[in-house]
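Structure record follows, encoded as C-alpha cells.
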Amino acid sequence: MSSYVIDPPKAAAVPVAGGGHFPVRRIFCVGRNYAEHTREMGGDPDREEPFFFTKPSDAVLTGGADMPYPTKTADLHHEMELVVAIGKGGKDIAEADALGHVFGYAAGLDMTRRDLQAAAKKAGRPWDMSKGFDLSAPIGEIVPAAKAGHPAAGLIELKVNGKVRQTSDLAKQIWNVPETIAYLSGLVELAPGDLIMTGTPEGVAAVVKGDLLEGSIAGVGSIRTRIV
Ligand code: MN
C-alpha cells in the first residue's frame, strides 16, 4: 500500500521443514497446562480453567540463533513447549474440527523473566514484560501435520548443557490441542499465522550466559539456542 507513512513492519516467520516459511501473526501461550508444573508454580491443577497470555510476533527467534540474555532480570527461566501453527482461522471451533485448523507443529521455548513475573503476580499486574520481551520465543522448524500427523503423545524433553532439565509426555497436557484450540477460539477469532505455545511440563529453572538449551519433542522436532 502506497499510503503508509512509515515502512510497514516486516512479518516474523518460522522456517518449515522441507522448505518455505510460516508467517507469524500472533503468539498465544497457555498457562499451567501440565499438572506437575502447575503444582511447582503453587497452583491446583484440578480446579483451574485454561488461561492465556501473549507474546508479540517478533519475539520469535529462529534458526538455532543465540539468545541474548535479556535486560532487567536476574532469573531467566526456560519453559519447553509444543508449539501449534494455525493454518486455517476460525472462531468457536468445535473440538472435533480443531485439528483441521492446524498447519503443523514445532518445538519451542517460552523464555520467562521469572523475577518480573513473580513481582507482577504479587502486585496483580500484567505479565507482558515477564513473558513478551524481545526474542523470548525461540522456535524450531515447523513440521507440517500433512507430513507428520498430529502428536497427542510422546516425549517432550529439554537438556541444558547436555543434562536433562525437563522431561514429560505430551499426553500429560491438562488441555490437549483440540481442547485448547476450541477454548481459545471462543475467546478470539483465530487466524492463519497464529502460533499457540501449549504450556510447559515441570522442571523449569534458571539459565545463565553460556548455557546451551537443546529441546526435542517426539515426532515434531527440536529447538536449540545458546544464551549469550
Ligand atoms: Mn509457558
Side-chain angles (χ1 to χ4, degrees), residues 14 24 26-45 48-62 67 70 73 75-86 105-121 125-140 142 151 155-160 165-177 179-181 183-184 187-188 194-207 211 213-217 220-225 227:
V14 179
V24 180
R26 296 171 292 186
I27 306 174
F28 298 99
C29 305
V30 185
R32 297 181 178 173
N33 201 25
Y34 292 78
E36 286 305 319
H37 173 65
T38 303
R39 292 189 190 99
E40 78 180 350
M41 298 305 290
D44 178 350
E48 294 181 357
E49 289 285 290
F51 68 94
F52 300 87
F53 56 92
T54 61
K55 294 175 185 268
S57 60
D58 50 10
V60 296
L61 177 65
T62 62
M67 179 187 173
T73 184
D75 197 21
L76 176 66
H77 274 210
H78 54 73
E79 296 192 356
M80 177 66 199
E81 312 204 355
L82 173 70
V83 182
V84 179
I86 297 295
Y105 300 88
L109 290 162
D110 166 17
M111 299 302 291
T112 303
R113 286 163 163 155
R114 194 70 74 200
D115 42 3
L116 296 197
Q117 186 194 31
K121 284 180 181 177
R125 289 179 178 161
W127 289 9
D128 300 48
M129 293 302 118
S130 65
K131 288 288 197 178
F133 54 92
D134 298 341
L135 307 179
S136 60
I139 294 175
I142 293 173
L155 180 69
I156 177 170
E157 184 177 79
L158 178 71
K159 293 178 180 174
V160 178
R165 283 267 191 97
Q166 293 189 265
T167 184
S168 189
D169 194 292
L170 295 178
K172 292 187 177 177
Q173 290 191 334
I174 295 170
W175 301 86
N176 65 24
V177 170
E179 290 168 337
T180 299
I181 290 171
Y183 199 101
L184 180 58
L187 291 166
V188 294
D194 287 341
L195 298 177
I196 306 172
M197 304 191 79
T198 60
T200 193
E202 66 275 19
V204 300
V207 292
D211 282 350
L213 282 63
E214 297 170 295
S216 62
I217 301 175
V220 173
S222 60
I223 173 65
R224 173 202 181 281
T225 188
I227 310 298

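Starting from 1, each residue takes its place in the sequence as its number. Every number for a ligand or one of its atoms is a count from 1 in the order of the listing.
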Problem set entry | In the protein, N/O/S atoms that are found under 2.8 Å from the Mn ion (ligand 1), waters not counted | Glu79 OE1, Glu81 OE2, Asp110 OD2
Exercise. How would you list, by chain and number, every residue that makes a ring-ring contact (aromatic ring centres under 6.0 Å, His included) with Tyr183, sequence neighbours excluded?
Worked result: Trp175
Problem set entry | Heavy-atom check, side chain of Leu155 versus side chain of Asp169, under 4.5 Å | no
Exercise. So do the side chains of Pro50 and Thr180 get within less than 4.5 Å of each other, counting heavy atoms only?
Worked result: no
For this session: Could you check whether the rings of Trp127 and Phe53 sit parallel, tilted or perpendicular, using 30° and 60° as the cut-offs?
Result: tilted
For this session: List the steps, then state whether salt bridge (charged side-chain N to carboxylate O under 4.0 Å, His left out) holds for Asp128 with Lys55.
Result: CA-CA 7 Å; Asp128 300 48; Lys55 294 175 185 268; over 6 Å; no
For this session: Find out whether the Lys NZ or Arg CZ of Arg32 is both under 6.0 angstrom from the six-membered ring centre of Phe51 and within 45° of the ring's axis.
Result: no
